[in-house]
2 protein chains.
Amino acid sequence: MVSIKDIAKLADVSVSTVSRVLNEQEHVSIEKRTRVLQAIKQTGYVPNRAARDMVSKRTTTIGVVMPETFNMFQRQLFSMVAHHLEQFSYYTSFYFSSTDLQGERACLNRLKADRLDGIILLHEIMIPEFQTYLEANAIPTVLATFSRKDWQATSITISEEDAALTAVNHLISLGHRKIGFIGGEKYGFASVRLEGYKRALKDAGIDFDEQLVVQAQTYTMEEGAVATRTLIDRATPFTALFAITDELALGAIRALADRGLSVPDDVSVVGFDDIELASYSVPRLTTIRQPIPEMGQMAVALLYSLLTGSSRTPLSISLPTTFIERESTARLV
Amino acid sequence: MVSIKDIAKLADVSVSTVSRVLNEQEHVSIEKRTRVLQAIKQTGYVPNRAARDMVSKRTTTIGVVMPETFNMFQRQLFSMVAHHLEQFSYYTSFYFSSTDLQGERACLNRLKADRLDGIILLHEIMIPEFQTYLEANAIPTVLATFSRKDWQATSITISEEDAALTAVNHLISLGHRKIGFIGGEKYGFASVRLEGYKRALKDAGIDFDEQLVVQAQTYTMEEGAVATRTLIDRATPFTALFAITDELALGAIRALADRGLSVPDDVSVVGFDDIELASYSVPRLTTIRQPIPEMGQMAVALLYSLLTGSSRTPLSISLPTTFIERESTARLV
DNA sequence: GAAAATATTGAAAACGTTACCATACTTACT
DNA sequence: AGTAAGTATGGTAACGTTTTCAATATTTTC
């Protein structure tokens, strides 16, 4: 494997000069620069990143932490993030943290070993060591899609509760009063969206019914189908469903169809996220659009301002969502 | 940031001893080992990966190369690969190579800089430098989902042509004779699946009609819908469609529905891959299942045998596919 | 035309680890 | 008792870069 010394020898210059050419610094004569460039081209030399990182004390790499079982929304968001990081010529490293504590700890250790310049967290983390480490080492961090009261970090969120409220209000405005809720974990955005659901019901004078709420384990279509079957089997009648992710909603539509219930004729369904699939499903899904491109762009822009030190105080930015009416909801007849 | 020297000082031993504890080597007294472990725990020390990689001449990291716009099949495959690499305690680094040559070159350079121990390619690459680099440096490589005549590398594939043949034969057996084909690029698996389509027609004595073939740019639902509209607008009648990926098929179903055509009553559709969504769509998709878990497992197992030197000769392994009949195909009435 | 400033260059230190070698001490076997 | 073989330990070189410093060469300025 060819090293900087080989290039220096080949171009008959010192390693310092090669290094200067490599890092596009000044103070290199045109003659020597061309010789070095020629040697590099000839050998196909690329500097060893490990060596470079070690001595320069920076990795030009940003860690993006995602759940191992990321859904379409997270997948699209990370695409945007990766794309924008490249614009700022940063490398992107992905870290998948599984849902158990042990997996999260493993993720943190890999992350520590890599001495990253910055971190973007795309999902809530559970172990406190994570936050401790980032704060203790003053590593620029952006929390995307969530925030924490006990963490004074730059974050980018949406107004989850209001968005959920809008979704449920739409169903209510169509005449629905028995509205099922397909949710998830008791913390994080799932719980906040449930609050929005409750508030919409309360505002409309509809009693909250525990029997109409079902919690999914993960945000997959399969779980959405399972949850919907559970709901149907409870025999508490409902004419509409609000699912907290599009995948859950799509799974719900599948399960309803299996029981001979048509969407939106028999049951109206509204999702959340507006993943690509939402506009291609049959029927097309009524949903809340999260501004994925803007979220990705903002997350990177904010991180960049932290990295360059142009901004020191952590900012909390909330982006607007949009209600998208498609074909999965209809007026109650 | 705490280093191995700090730990050595704190535990009152030499750095050599700390290194031995870190790498779980022998020749360390229980007494000193506990002192070192205690110091590590106390400081939260994690060895610097860059330093470790540089001197040890190995990174314990495998690069997984994926297209930037990976589809669900590739997403599921990479999940399996990442999971199995972890089992063998290798790190996984993802490299996204865009479809243009420049993007691929950038991908290669990052990969070179990282001095990976091995590579798994999840999609065909275009620039020859890639292969040159891997071969010149004898980097253990596994080609997953494709192979190359001019590349004597370990590969794991399916019999693309036979699988496509099976899919089209199914349509023919249902009485269809005017079968549309939604394909893609002129190289790689897209072209091979087209061959399977042609062979099936030929075997059944059906003339190949160029008007029934349409090429998508990417394998997304959107492209599937676009392609289908093109096909309909050509006014060459068809009663069935074979799409070379499930996403294309799902997009096709959407476009057909938009034109008032019902699946499978008016048109039968069969896809390829059997992504999760295929069993949740309305209607459920008839498709060819690729053995994703086995492919991921085999890819990693083969790479491991290359890494440990237990196998030197490149193996080409072909895995069987399964035809899955669901609801998107019906007998021609 | 001399002094000052600036550009070009290379030598050597440093980064944080592991690998290798040397030494001191045990233990085991003739 | 004396040698061989092993265990525990530390010192130091090495890895491939960038950074810093010092030395020269060239240009600018008055």
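Fair warning: this is a prediction, and the values are worked out from it, not measured in the lab.
- Checking C:dT8, D:dG10, C:dG16 against the side-chain heavy atoms of B:K32 singles out D:dG10 as nearest.
- Between B:V13 and A:M1, the residue anchored nearer the 5' end of DNA chain D, judged by the nucleotide with its closest heavy atom, is B:V13.
- The residue A:D53 sits apart from the nucleic acid: no heavy atom pair falls under 4.0 Å.
- The listed nucleotides are D:dT18, D:dG16, C:dC20; the one nearest the side chain of A:L22 is D:dT18.
- Between A:N48 and D:dC15 there is no side-chain polar atom (N or O) within less than 4.0 angstrom of OP1 or OP2.
- The side chain of A:P47 lies closest to D:dT17, out of C:dA11, D:dT17, D:dT12.
- Contact between the side-chain N/O atoms of B:K57 and the OP1/OP2 oxygens of D:dA14 is not found at any separation under 4.0 Å.
- Rounded to a whole Å, the CD atom of B:E24 is 12 Å from the P atom of C:dT18.
- Base contact: B:R20 has a heavy atom under 4.0 Å from a base atom.
- A sub-4.0 Å separation between OP1 or OP2 of C:dT9 and a side-chain N or O of A:S29 is present.
- Between B:Y95 and A:Y91, the ring centre distance reaches or exceeds 6.0 Å.
- A sub-4.0 Å separation between OP1 or OP2 of C:dG10 and a side-chain N or O of A:S14 is present.
- Phosphate contact (OP1/OP2 of D:dT17, side-chain N/O of B:R115, threshold under 4.0 Å): present.
- For the pair A:R75 and B:F70, the cation-pi test (distance below 6.0 Å, angle within 45°) is passed.
- If you look at B:F96 and A:F94, their ring centroids are closer than 6.0 Å.
- Residue-level contact check: B:S3 touches the backbone only, with heavy atoms under 4.0 Å from sugar-phosphate atoms and none from bases.
- Dashed line: the shortest gap from a side-chain N or O of B:S19 to OP1 or OP2 of C:dT17 is not under 4.0 Å.
- For the residue pair A:H123/A:S97, the side-chain donor-acceptor check at 3.5 Å is satisfied.
- Both A:R52 and B:S16 lie near DNA chain D, and the one whose nearest nucleotide falls closer to the 5' end is B:S16.
- For A:T17, a side-chain nitrogen or oxygen approaches OP1 or OP2 of C:dG10 to under 4.0 Å.
- Across the protein-nucleic acid pair, A:I4 atom CD1 and D:dT19 atom P stand 11 Å apart, rounded to whole Å.
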